[in-house]
Asker: 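Here it is: the structure, laid out below.
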Amino acid sequence: MNREVESRPLIDRTKKHFKAEDAPEDDWAELWGRRIGRVLSVVLVIIVIGWIFSFLAESGS
């Protein structure tokens, strides 16, 4: 149960990060630019990890 309590701030901080709550609210371009950039970075990381795994699987056979 102690782990649940400790992990909650990490989840909340991650949500705030992807919502771009650190961007100024009166600048819509900055707000949406940060949101789009952060989501695209996660997608890119997933693609690269998949590519690495497929590369290693092919070279291992």
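Treat the numbers as computed from the prediction; the structure is a model and nothing was measured.
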Asker: I'd like to know if F53 and I47 are part of one continuous hydrophobic network [Ile/Leu/Val/Met/Phe/Trp/Tyr, side-chain heavy atoms within less than 4.5 Å].
Answerer: no
Asker: Any chance you could measure R13, atom CZ, to L10, atom CG, to the nearest 0.5 Å?
Answerer: 5.5 Å
Asker: With side chain to side chain contact (heavy atoms under 4.5 Å, CB included) as the criterion, how do I36 and L40 come out once you've worked through the C-alpha distance, each side chain's angles and the decisive distance to 0.1 Å?
Answerer: CA-CA 6 Å; I36 292 169; L40 286 177; 3.8 Å; yes
Asker: Just to verify, what does E21 make a side-chain hydrogen bond (donor to acceptor under 3.5 Å, both in side chains) with, not counting sequence neighbours?
Answerer: none
Asker: Taking K19's backbone N and O only, do any of them form a donor-acceptor pair with R35's side chain (distance below 3.5 Å, no angle check)?
Answerer: yes
Asker: At what distance, to the nearest 0.5 angstrom, does CH2 of W28 lie from CH2 of W32?
Answerer: 10.5 Å
Asker: Among residues at least two apart in sequence or on other chains, which ones pass side-chain hydrogen bond (donor to acceptor under 3.5 Å, both in side chains) with D22?
Answerer: R34, R38
Asker: So do the side chains of V48 and I52 get within less than 4.5 Å of each other, counting heavy atoms only?
Answerer: yes
